[in-house]
A.B. asks: 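One structure, as structure tokens, below. Some questions next.
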Amino acid sequence: MPDPRALRTLPSVASLLASAAAGGFLRSHPRAVVLGALRDLLGVARAGIGEERVFLSREEWSDRILSMLPGELASREALPMRRVINASGVIVHTNLGRAPLPEEAVAAVVDTARGYSNLEFDLAEGKRSSRLSLVEGMLRARTGAECAHVVNNNAAAVLLCLAGHARGRDVIVSRGELVEIGGSFRIPDIMAESGARLVEVGTTNRTRLSDYENAVTGQTALLLKVRRSNFSIHGFTEEVRTADLARLGERAGIPVMEDQGSGALIDLSPHGIPGAESLRQALSAGPGIVTASGDKLLGGPQAGIILGKEDLVAPLKTHPLSRAVRVDKMCLAALSAVLRLHADERRARERVPVLRMLLEPEGRVRARARRLMRALRASGTVLSLAIERGGTSPGGGALPDIFLPTACVAVSHPRIPEEAMEERLRRGTPPVVARIGKGKVLIDLRTVRDDEVPELAAAVLDAGKND
Ligand SMILES: *Cc1c(COP(=O)(O)O)cnc(C)c1O
């Protein structure tokens with residue numbers, strides 16, 4: 001129980017509001033906001049008295065509460081979603097918003113968001129048009145697909161394809177591909193939601209073409225291939241290539257669909273990153289439909305890309321679910337800007353942040369680490385600092401087997417344990433998301449932009465300060 005005598009020393013809200021300090025804020029903030037902040041601060045003070053038996057005079061309480069008012073008001077004004085510095089090294093980090101957009105896409109979003117656009121208006125003809133016609137042609141050109149459609153994300157793309165082509169019928173999938181990607185995307189669950197029946201074939205580690213062949217019946221609507229984008233299996237394994245599945249589909253008159261996942265538009269293998277099949281390569285294996293995300297290796301906004309044969313993709317555009325999972329104008333603005341960059345592969349590699357981070361030579365990452373070290377040392381910090389080599393993963397359900405060599409600044413404080421340092425960085429301004437390794441906080445420079453280095457240095461110094 002709080003001490004009733006101590007509670008009586010708390011100032012009233014009215015007296016706080018009438019103070020000169022609060023008066024200053026009442027000129028720049030709505031009264032209700034200042035009042036709410038003061039009430040909350042009083043509540044915290046009351047709780048403190050209850051727990052810790054703090055005894056202060058009324059004047060001391062007033063001073064203490066009013067000194068906390070600016071911080072309280074600032075945190076109320078901050079938007080809940082904040083920019084963070086990704087020093088985790090994970091490039092397509094699902095929890096941190098996946099792909100950062102290229103400047104060209106950011107400009108397109110701002111331009112579109114601010115005013116009106118020809119989203120569904122044919123300017124030449126002066127009549128209504130389809131919002132997707134703006135990006136469809138670019139998608140066809142970049143991938144060689146006959147037809148293209150865009151929805152809210154890849155989970156929606158898979159759901160729409162299954163609902164549109166297999167509701168009430170069977171879809172054959174290998175047991176080794178019944179994957180989960182992020183907590184809420186599980187192939188069996190999506191299948192159930194779409195109304196399609198899942199027919200599992202093969203085993204976890206081995207599935208042969210004959211397994212699919214033997215499972216085909218008059219009820220089979222689709223043969224589905226799912227890329228294992230966030231794990232890999234090794235050892236005694238066997239899987240059926242999409243090309244072979246496509247040939248079986250052709251013989252049996254059953255469409256084949258591949259959930260390609262990453263959405264890579266360029267073949268990364270000549271650049272030392274094997275295993276990331278591009279959408280063009282996926283389509284050339286012959287499936288009728290390919291689906292992918294817009295915000296993984298494509299490097300664009302959150303979106304679900306559906307590509308394939310006209311007779312399979314076009315009907316999906318008028319399916320009732322399509323409206324429920326359609327994309328908004330800002331997504332289309334960003335996507336078209338990213339697709340435009342991909343018209344020239346080299347330009348895409350230089351301008352699309354996901355590709356730039358993925359392909360940046362280790363030496364350049366190291367140079368950035370050295371810049372950070374210099375900025376930290378210049379201020380005579382107590383932190384011990386060293387540059388360490390490390391490996392980072394592309395992340396976000398793309399390229400599970402790839403480890404990119406990277407450079408980290410390893411930070412340790414003589415008195416603050418690494419977990420506490422990591423937390424201080426996370427709670428700082430701007431928040432910095434780092435990782436812990438070998439008893440140190442590791443700041444991975446592969447996912448940090450050049451222009452973020454000064455801010456990052458300030459945040460690290462701040463986290464290393466003694467209270
Ligand atoms: C990432 C991924 C998904 C889910 O895509 P979202 O865009 O996150 O909805 C589905 N399938 C595969 C193979 C993936 O890699």
Side-chain angles (χ1 to χ4, degrees), residues 90-101 135 139 148-163 171 173-194 196 198 207 222-233 239-242 245 256-265 268 273 275-279 281-283 285 287 289-308 316 321-322 324-328 331-332 334-335 338 354 358 393-402:
V90 179
I91 296 171
V92 181
H93 198 309
T94 298
N95 304 145
L96 302 184
R98 284 204 187 156
L101 294 177
V135 292
L139 276 170
H149 185 38
V150 182
V151 293
N152 181 56
N153 58 9
N154 190 19
V158 174
L159 177 68
L160 176 62
C161 293
L162 294 174
V171 176
V173 191
S174 159
R175 286 202 168 85
E177 296 170 11
L178 293 175
V179 302
E180 169 171 325
I181 292 147
S184 53
F185 182 88
R186 287 177 156 192
I187 290 290
D189 297 344
I190 293 275
M191 194 82 79
E193 286 304 320
S194 73
L198 170 64
T207 303
L222 214 55
L223 307 178
L224 174 64
K225 172 102 188 148
V226 183
R227 287 264 142 202
R228 292 192 203 98
S229 49
N230 54 0
F231 72 109
S232 54
I233 57 172
E239 68 176 299
V240 178
R241 295 179 317 136
T242 307
L245 218 48
V256 173
M257 166 172 158
E258 175 176 315
D259 178 11
Q260 186 262 9
S262 81
L265 284 176
L268 295 169
I273 299 185
E277 184 185 50
S278 71
L279 285 171
Q281 288 167 322
L283 283 160
I289 305 180
V290 170
T291 66
S293 295
D295 52 353
K296 290 181 179 171
L297 298 187
L298 193 149
Q302 177 188 303
I305 315 283
I306 305 176
L307 305 168
L316 299 175
L321 254 185
S322 245
V325 296
R326 81 174 180 182
V327 286
D328 77 315
C331 170
L332 284 173
L335 186 60
V338 175
V354 165
L358 206 53
S393 74
L399 307 168
D401 288 326
I402 298 288

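Whatever order the structure lists ligands and atoms in, that order sets their numbers, starting from 1.
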A.B. asks: I'd like to know if the side chain of Q260 and the backbone of V290 have a donor-acceptor N/O pair within less than 3.5 Å.
C.D. replies: no
A.B. asks: Could you tell me the separation between the CG atom of L283 and the OG1 atom of T242, rounded to the nearest 0.5 Å?
C.D. replies: 10.5 Å
A.B. asks: List ligand 1 atoms under 4.0 Å from S293, heavy atoms only on the residue side.
C.D. replies: 1 (C), 5 (O), 6 (P), 7 (O)
A.B. asks: Give the single entry among N154, I190, I187, N153 that approaches atom 3 (C) of ligand 1 most closely by any heavy atom.
C.D. replies: N154
A.B. asks: Provide the number and element of each atom of ligand 1 under 4.0 Å from a heavy atom of R227.
C.D. replies: 13 (C)
A.B. asks: Nearest 0.5 Å please: distance from the CG atom of N154 over to the OG1 atom of T291.
C.D. replies: 4.0 Å
A.B. asks: So, does R241 use its side chain to make a donor-acceptor pair with the main chain of A285 at under 3.5 Å?
C.D. replies: no
A.B. asks: Given R186, K296, Q302, which one has a non-hydrogen atom that is nearest to atom 14 (C) of ligand 1?
C.D. replies: K296
A.B. asks: Can you list the atoms of ligand 1 that are under 4.0 Å from a heavy atom of D259?
C.D. replies: 10 (C), 11 (N), 12 (C), 13 (C)
A.B. asks: May I ask which of E177, R98, Q260, K225 has a heavy atom nearer to atom 8 (O) of ligand 1 than the others do?
C.D. replies: R98
A.B. asks: Look only at the side chain of S322 and the backbone of L316, and say whether a donor-acceptor pair between them is shorter than 3.5 Å.
C.D. replies: yes
A.B. asks: Answer yes or no: does an N/O atom from A303 fall short of 3.5 Å to an N/O atom of ligand 1?
C.D. replies: no
A.B. asks: Do you know the tightest heavy-atom contact between E258 and A282?
C.D. replies: OE2-CB, 3.8 Å
A.B. asks: Of all the atoms in ligand 1, which lie at a distance below 4.0 Å from a heavy atom belonging to A155?
C.D. replies: 5 (O), 6 (P), 9 (O)
